[in-house]
Amino acid sequence: MTPLLAQADAASGAAEFWVFVIIGALALGSAISMVLMRNAVHAALMLVVNFFAIAVLYATLEAQFLAVTQIIVYAGAIVVLFLFVLMLLGVGGGQPFTERIRGQKTAAVLLGLALLAILLGTVTTPFLGEGAACNLPAEQRLAASGEVCEGLAEANAEGNVRGVGLLLFTDYVWPFEVMSVLLVIAALGAMVLGKRREDPAGLSDQPTPGVPAVPEDEGGTLPGEGPALADEPTEGGDAR
Amino acid sequence: MTLMVPAGWYLGLAAALFVIGLVGVLIRRNIIVMFMCIELMLNSVNLTLVTFSRIHGNLDGQVMSFFVITVAAAEVTVGLALIVNLFRLKASTDADDVDALRA
């Protein structure tokens, strides 16, 4: 390896290091403050910061296609949907942090720390060695002991988007088609759930005070059909 | 001394994000914020998948992660519709108010 290339490798390692430290701290900080924010809208904004940080991490992990997808789908669509529902329901105001079960928060944090210790001990530790750094020069990586990181230089040789697209439409074409069916079903489900309908008797245990589920004059029937419906109540109920 | 990032650091960060999301689900009572915490957990799993994709030098992990993103989008659509319906019934987004099945 020429000295120039070795220098370039070291520089890219240092760049990745600083990007990881700064963006990783941003991701952790935004995640913690999302959990601690009293106002749900502020929590959603912290979630956007977190999604962007994870998108940057994808880019450093040589997953450029996923980085863009993350920004479009998560930061673009999902968070907007969250904010939309928050505005629709009008519950932006802070809610108290009171516990329903005594000691719930302490127990949750302790169990979380225990899980973190288990995850760090089992999943993370094998990959902390010298060889697990992904942009090592090839001969250093071969010489390193323990788990090594192969890096995506070969798989991404013709571009990340091309590689992912080839996999998606060859090996994974069946899951891909199933996924399209899933999306259609989800859209249909959201439409069915979002439809305003007359409250089926007795399904809700406490009718919403002051806010009728259906405006009075609508009544679930077309204008002028009211008396006819009163004669055949079961048919009208089924048709809805 | 060259600065390097071993792949384990990414895995550790993902584990920390997962645990933060889990603790959030356990301690928050607002259903929408709990839902956001679930999204955070899904994201941390995606980060793990992408890191392992890099470790093993093939793109299967990234494709898997792509599918997870798709399922998350579908889940958010249906879940938020459920939350809106629940709000119509209860006029609240507090998870503790949904106790119709409590003995």
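Chain letters run A, B, ... following the sequence lines, proteins first and then strands; every chain starts at 1.
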For the NZ atom of K105(A) and the CG atom of L26(B), what is their distance to the nearest 0.5 Å? 12.5 Å
Less than 4.5 Å to any heavy atom of chain B: does that hold for the side chain of A107(A), its backbone, both, or neither? neither
Which one of A43(A), G151(A), G163(A), G112(A) has the most heavy-atom pairs closer than 4.5 Å to chain B? G151(A)
How long is the straight-line distance from CG of L119(A) back to CG of L11(B), given to the nearest 0.5 Å? 10.0 Å
Is there a side-chain contact between F20(A) and L13(B), using heavy atoms and a 4.5 Å cut-off? yes
Would you mind telling me which of N160(A), I185(A), L166(A) has the largest number of heavy-atom pairs within less than 4.5 Å of chain B? N160(A)
Can you tell me how far the CG atom of L193(A) sits from the CG atom of L86(B), to the nearest 0.5 Å? 11.5 Å
Nearest-0.5 Å distance, CG of residue L80(B) to CG of residue L89(A): 9.0 Å
Portion of T125(A) that has a non-hydrogen atom of chain B nearer than 4.5 angstrom: neither
Nearest heavy-atom neighbours spanning V35(A) and C37(B): CG2-SG, 4.1 Å
Side chain, backbone, both or neither: which part of N43(B) has a heavy atom under 4.5 Å from chain A? both
Using a cut-off of under 4.5 Å on heavy-atom pairs, state which of G194(A), G24(A), A63(A) scores highest against chain B. A63(A)
Is the closest side-chain heavy-atom distance between F67(B) and L168(A) below 4.5 Å? yes
Under 4.5 Å to a heavy atom of chain A? For F35(B) that would be both
Do L152(A) and Q62(B) come within less than 4.5 Å of each other through their side chains, counting heavy atoms only? yes
Using a 4.5 angstrom heavy-atom cutoff, name the option from A44(A), A27(A), A187(A), G189(A) with the most pairs to chain B. A44(A)
Check each atom of Y10(B) against the heavy atoms of chain A and say whether the ones under 4.5 Å are side chain, backbone, both or neither. both
Please look at A77(A) and chain B and tell me whether the side chain, the backbone, both or neither of the residue comes under 4.5 angstrom of a heavy atom of that chain. neither
Within this structure, what is the CZ-CG distance for the pair F65(A) and L59(B), rounded to the nearest 0.5 Å? 11.5 Å
Provide the closest heavy-atom pair for M34(A) versus R28(B) in the form atom of the first, atom of the second, distance. O-NH1, 4.0 Å
Min side-chain heavy-atom separation E39(B)-F82(A) under 4.5 Å: yes
Heavy atoms, side chains only, cut-off 4.5 Å: are V19(B) and L113(A) in contact? no
Applying side-chain contact (heavy atoms from CB on, under 4.5 Å) to I69(B) and L66(A), what does each step give before you reach the verdict? CA-CA 9 Å; I69(B) 290 179; L66(A) 272 182; 3.9 Å; yes
Q70(A) versus N46(B), side-chain donor and acceptor atoms under 3.5 Å: no
Among A153(A), A132(A), A155(A), the residue with the most heavy-atom pairs under 4.5 Å to chain B is A132(A)
Chain A shares the most heavy-atom pairs under 4.5 Å, among V33(B), L22(B), T70(B), with T70(B)
Relative to chain B, which of L81(A), N156(A), V73(A) shows the most heavy atom pairs under 4.5 Å? L81(A)
Is it the backbone or the side chain of L47(A) that comes under 4.5 Å from a heavy atom of chain B, or both, or neither? side chain
Would you mind checking which part of L47(B) comes under 4.5 Å of any heavy atom in chain A, side chain (CB onward), backbone (N, CA, C, O), both or neither? both
Chain A contact via S53(B) - which portion, at a heavy-atom distance below 4.5 Å: both
Taking every heavy-atom pair that is under 4.5 Å apart, which of V23(B), D60(B), L17(B), V71(B) has the most such pairs with chain A? D60(B)
Return yes if some donor-acceptor pair links the side-chain N/O of R54(B) with the main-chain N/O of C149(A) below 3.5 Å, else return no. no
Could you look at E62(A) and say if it's the side chain, the backbone, both or neither that has a heavy atom under 4.5 Å from chain B? both
V5(B), part contacting chain A, at a heavy-atom distance under 4.5 Å: both
Closest non-hydrogen contact found for P6(B) with F127(A) is CB-O, 3.5 Å
Going from CH2 on W9(B) to CG on L128(A), what distance comes out if it is rounded to the nearest 0.5 angstrom? 8.5 Å
Scanning both residues in full, the closest heavy-atom pair of T77(B) with A190(A) reads CG2-CB, 3.5 Å
Check step by step if side-chain contact (heavy atoms from CB on, under 4.5 Å) holds for L115(A) and F18(B). CA-CA 10 Å; L115(A) 179 65; F18(B) 186 88; 4.1 Å; yes
Which atom pair, heavy atoms only, marks the closest approach of G12(B) to L120(A)? CA-CD2, 3.7 Å
Give the intermediate values and the outcome of side-chain contact (heavy atoms from CB on, under 4.5 Å) for residues F66(B) and V164(A). CA-CA 9 Å; F66(B) 178 75; V164(A) 173; 5.6 Å; no
